[in-house]
There are 2 protein chains.
Amino acid sequence: MARKPSAADAPLRLDNQICFAVYSAAHAFNRVYKPLLDRLGLTYPQYLVMLVLWERDDVPVKDIGEKLFLDSGTLTPLLKRLEAAHLVKRSRSREDERQVLIALTPQGYALKEKARAVPQSILAASDCSVSELVAMKDEIVALRDRLNAVIGE
Amino acid sequence: MARKPSAADAPLRLDNQICFAVYSAAHAFNRVYKPLLDRLGLTYPQYLVMLVLWERDDVPVKDIGEKLFLDSGTLTPLLKRLEAAHLVKRSRSREDERQVLIALTPQGYALKEKARAVPQSILAASDCSVSELVAMKDEIVALRDRLNAVIGE
DNA sequence: TCACATTTAATTGTTCGCAATTGAATGTGC
DNA sequence: GCACATTCAATTGCGAACAATTAAATGTGA
């Protein structure tokens, strides 16, 4: 019974899953980033947080979470590690004591200059034109946003 | 100094990172899958392992790892949980005692039928035509493979 | 003002994901 | 046949990721 490939099984074949394509691509990116980020002393999620803060710091944890789609259960310990590495400072907001504001330290600011080498290495590893990458990125973001829209029912 | 958006900062802007698009899309998929897989009693990585085994079981851990790009540090505990859930059986190969072969139990086989509902739910959540999804999947897989090619130098 | 709901981080517990190491089995070169 | 390298899974330790809960601060309605 059902020994040879059946057409009815196609939807369950690993190679037909776009989710697995995305999942495995994310891990592949992680592995390419690893040696680059090791030099900065950052993990990949920490790098994402730093990207947010390099655009604008002195922001509450919640804002970082909304930009990265992460919650406090992930961010609180991560930010404590960044603080232990002297890259950020955490402090309660005076206007609203519930909020913890995340600010860059001078070392945190300075790391941005070292980080400028990262995107070009990634581009090289992608072995692909910038315009192709931008087009793919836009498609993937659109898919992500449609998926996220479904989650809130 | 550098208060307003600078063109030099574009490569470091979060919204310009294809890696973040992929990373956040993977998490979005995870969140859409969660309620569907809860009904099967599986996590998303466990579901991927089951997809592999539904295509062919009685395979060594290494084969599963190569298909999913995961190593024994991830798979060993995951497979033990699947065994505890009576979905797979782990046994040492007689021909090569180093290998652990993973076989489906009757319950593991049976779960495939319940799983058939999953892909169509995902398709609906993607809100996108099959042909578009296939095209995206192929592009992402190609990017993933180029990235993986760089890792082995 | 006071009861009540909401917001925000932090905490706890479970599951991934991976680097590094270990130990047993197998393969090899001499 | 025997020393040596290689392969394979398991283990350990650390850092995410998230659900669920907690606690404190703030907002709201009567």
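Chain naming here is simple, since letters A, B, ... match the order of the sequence lines and numbering starts at 1 in each.
- The nearest heavy atom of DNA chain C to Leu78(B) and to Leu79(A) marks one nucleotide each, and the one closer to the 5' end goes with Leu79(A).
- Closest to the Pro60(A) side chain, of the nucleotides dC18(C), dA9(C), dA10(C), is dA9(C).
- The base of dA9(D) is not paired with the side chain of Thr76(B) by any donor and acceptor separated by under 3.5 Å.
- Among the nucleotides dG15(D), dC18(D), dC8(D), the one closest to the side chain of Thr43(A) is dG15(D).
- At a threshold of 4.0 angstrom between heavy atoms, the contacts of Leu75(B) with the nucleic acid are absent.
- Of all nucleotides listed (dT26(C), dT8(C), dA9(D)), dT8(C) comes nearest to the side chain of Gln99(A).
- Considering only side-chain atoms of Val100(B), the nucleotide from dT6(D), dA24(D), dA9(D) that sits closest is dA9(D).
- Put simply, Arg90(A) has a side-chain N or O that comes within less than 4.0 Å of OP1 or OP2 on dA10(C).
- For dA16(D), one of the phosphate oxygens OP1 or OP2 lies less than 4.0 angstrom from a side-chain nitrogen or oxygen of Gln46(A).
- Protein atom CZ of Arg92(A) is 9 Å distant from nucleotide atom C1' of dA25(D), rounded to whole Å.
- Taking Glu55(A) as the reference, Arg13(B), Leu14(B) meet the side-chain contact (heavy atoms from CB on, under 4.5 Å) condition, with sequence neighbours excluded.
- Taking the charged nitrogens against the carboxylate oxygens, Asp38(B) and Lys34(B) do have a contact shorter than 4.0 Å, which makes a salt bridge.
- Just one residue in the list Thr43(B), Val49(B), Leu48(B) forms a side chain to side chain contact (heavy atoms under 4.5 Å, CB included) with Gln46(B), and that residue is Thr43(B).
- Taking the six-membered ring where the residue is Trp, Tyr47(B) and Tyr33(B) present tilted rings, their angle falling between 30° and 60°.
- Among the nucleotides dA9(C), dA19(C), dT15(C), the one closest to the side chain of Asp71(B) is dA19(C).
- For Arg98(B), the listed nucleotide lying nearest its side chain is dC8(D); candidates were dG15(D), dC8(D), dA9(D).
- With salt bridges taken as basic N to acidic carboxylate O contacts below 4.0 Å, none links Arg92(B) and Glu97(B).
- The distance between atom CD1 of Ile102(B) and atom C1' of dC8(D), rounded to the nearest whole Å, is 12 Å.
- Whole-Å rounding puts the Lys62(A) NZ to dA9(C) C1' distance at 12 Å.
- The CG-C1' distance, from Leu70(A) to dA10(C), rounds to 16 Å in whole Å.
- Counting to the nearest Å, the P atom of dA19(D) and the OH atom of Tyr44(B) are 16 Å from each other.
- Within the 4.0 angstrom heavy-atom criterion, no nucleotide atom of any strand lies near Pro77(B).
- Counting to the nearest Å, the P atom of dG15(D) and the CG atom of Leu42(A) are 13 Å from each other.
- Residue-level contact check: Thr74(B) touches the bases, meaning some heavy atom is under 4.0 Å from a base atom.
- The listed nucleotides are dT26(D), dA17(D), dA10(D); the one nearest the side chain of Glu97(A) is dT26(D).
- Between Arg94(B) and Gly73(A), the residue anchored nearer the 5' end of DNA chain C, judged by the nucleotide with its closest heavy atom, is Gly73(A).
- At least one side-chain nitrogen or oxygen of Tyr23(A) sits closer than 4.0 Å to the OP1 or OP2 atom of dG17(C).
- Taking only side-chain atoms of Lys80(A), from C-beta outward, the nucleotide of dT11(C), dC18(C), dT8(C) with the closest atom is dT11(C).
- Distances were taken from every side-chain heavy atom of His27(A) (C-beta onward) to each of dA25(C), dC18(C), dC18(D); the shortest belongs to dC18(C).
- For Ser72(A) and dA10(C), a side-chain-to-base donor-acceptor distance below 3.5 Å is present, hydrogens and geometry of angles not being considered.
- Going from atom NZ of Lys34(A) over to atom C1' of dG15(D) covers 11 Å, rounded to whole Å.
- Listed by chain and residue number, Glu66(A) satisfy the side-chain hydrogen bond (donor to acceptor under 3.5 Å, both in side chains) test with Lys62(A) (two or more places apart in sequence, or in another chain).
- Note on Arg81(B): a side-chain N or O is less than 4.0 Å away from OP1 or OP2 of dC16(C).
- Between the P atom of dA20(C) and the CG atom of Asp38(A) lies a distance of 9 Å, rounded to the nearest Å.
- Looking at Arg146(B), its side chain does come within 3.5 Å of a backbone N or O of Asp127(A) through a donor-acceptor pair.
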